[in-house]
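Before any comments, here is the structure.
Computed from heavy atoms alone, side chains included, the values below leave out hydrogens, waters and symmetry copies. Proteins get letters first, then strands, A, B, ... in listed order; numbering begins at 1 in each.
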There are 2 protein chains.
Amino acid sequence: MVGIRQQRQQRTREALLDAAASVFASHGYAGASVPQIAHEAGVSTGAIYANFTGKQELFLAMMRRVVEAGAAARQRSAAETTDRDELLNRMVTTWTATVDTAPDIVLLMAEFWLYALRNPPHNELVAELLADVRANLAASIVGAGVVPDADRAGRIAVAVQAVAYGYAMQRLVDEDAVSPTQLVETVDWILRGAVPAR
Amino acid sequence: MVGIRQQRQQRTREALLDAAASVFASHGYAGASVPQIAHEAGVSTGAIYANFTGKQELFLAMMRRVVEAGAAARQRSAAETTDRDELLNRMVTTWTATVDTAPDIVLLMAEFWLYALRNPPHNELVAELLADVRANLAASIVGAGVVPDADRAGRIAVAVQAVAYGYAMQRLVDEDAVSPTQLVETVDWILRGAVPAR
DNA sequence: GTCTATATCCAGATAGAC
DNA sequence: GTCTATCTGGATATAGAC
């Protein structure tokens, strides 16, 4: 049974993770301050150190939650794939929606990427995150019957993942420079180019 | 005429910009410290404030130099374009070489991108940088006769730029996950998809 | 313009009451 | 587990000698 104490602690933990996501996204890992996160979560600085060993662990715990939420969402939508056009649509719309309505997610991923490159031990976690996304894409591509062999599906997944992030980079800094339809178009080009009509 | 004093100052300025590039790449904007940059440049902390108004201006001056060096390099190589395959090769090899031999450039661009998103006034500079790269790509695409209309060339440029950065993101965090030949392949797919053989 | 020395501030993290 | 109060270190930036 879960006691009321543990419920309260669980709530401050969640509040801290939410606040951490917001503040780390706004100021980056090094630029974010522990007191500010505590303030935004409505708790004291000390409360952070009662729940996490420090700034680093708070950041990693927050990122892990973001990553897992994304993985769960992908699992759900991957099950619904049927044909090529629907796959194309699904791959693109979930990402463009994220970029436009939840840009913080993209900022956090970029921050996490930089953090991992600068702290090699955590490099692997980001590598796994990207690989997981690719594996999911590849499975959907095979599932939709776009291409028969898994090898080519994997290489298509690499390409799709690349354009997705590159699109976000361009769009977030200048939304007039690129539109969601251009991402659809590009992925369509890739699928056409990779699977030329006989 | 340039006096010896100005030469010496010019040299410390250059040394500071070099050191800034290295330290900002290693630790990010917020994570880098002014004393560390001064140390790496072999000068005192005070020398930085004699040449720049502070950390921010030093960072922006350093980034401006990086951006301009890249623009000059693009101008040079854009003049050499002839046919489609050579264009494909050129677009890809200069970038894969940068990613593999000078990853700091990529890190600095990512850092600058985040900095701009968090400091909207400077947003425009990054937007212009990306737009300049795209314009250069588009011109080369038209020049190589890949496609006649400038509009489609522009959209292809968006796609190529996106895959280039997305490729770097995947490769830097896990070099086994993606190879330079995959970037060539992807851009080839894009060109095929965008310009279907009649 | 460059140095040494320093002022000021705020970060991350801890101690101890409750 | 959470608070208040505090320790300690290092940050940005400046002052003044050379």
Nearest listed nucleotide, side chain of A/Ala50, among D/dT12, C/dG12, D/dT2: D/dT2
Which part of the nucleic acid does A/Ser33 contact within heavy-atom distance under 4.0 Å: base, sugar-phosphate only, or nothing? sugar-phosphate
Whole angstroms only, please: what is the NZ-C1' distance between A/Lys55 and D/dA11? 12 Å
Would you say the side chains of A/Gln182 and B/Arg155 form a donor-acceptor pair under 3.5 Å? no
Tell me the interatomic distance from B/Phe24, atom CZ, to D/dA11, atom P, rounded to whole angstroms. 13 Å
Nearest-0.5 Å distance, CG of residue B/Leu191 to CZ of residue B/Arg84: 5.0 Å
Compare the minimum distances between each of D/dC3, C/dT2, C/dA13 and the side chain of B/Asn51, then state the nucleotide with the smallest one. C/dT2
Looking only at D/dA13, C/dT4, C/dA13, the nucleotide nearest the B/Tyr49 side chain is D/dA13
Under 4.0 Å, heavy atoms only, any strand: does A/Ala38 hit a base, just the sugar-phosphate, or nothing? nothing
To the nearest Å, give me how far apart CD1 (B/Ile37) and P (D/dT12) are. 8 Å
Using whole Å, what does the distance between atom P of nucleotide C/dG12 and atom CD of A/Glu57 come to? 15 Å
Proximal nucleotide (of C/dT2, D/dA13, D/dC3) relative to the A/Ser44 side chain: D/dC3
B/His39 NE2 to C/dT2 P, straight-line distance once rounded to whole Å: 18 Å
So B/Ala30, base contact, sugar-phosphate only, or nothing? Heavy-atom distance under 4.0 Å. nothing
Using whole Å, report how far OH of A/Tyr29 lies from P of C/dG12. 8 Å
Under a 4.0 Å threshold between the charged nitrogen and the carboxylate oxygen, would A/Asp18 count as salt-bridged to A/Arg65? yes
Answer yes when B/Glu185 and A/Arg152 have at least one side-chain N-carboxylate O distance shorter than 4.0 Å, and no when they do not. no
Please determine if A/Glu111 and B/Arg118 form a salt bridge, counting it only when a charged side-chain N lies under 4.0 Å from a carboxylate O. yes
Could you give the CD-to-P distance, from A/Gln56 to C/dA13, as a whole number of Å? 9 Å
Whole angstrom is fine here: how far is it from CD in A/Gln9 over to P in D/dC3? 12 Å
side-chain N/O B/Thr45 vs C/dT4 OP1/OP2, d < 4.0 Å: no
Base, sugar-phosphate, or nothing for A/Pro35, non-hydrogen atoms under 4.0 angstrom? sugar-phosphate
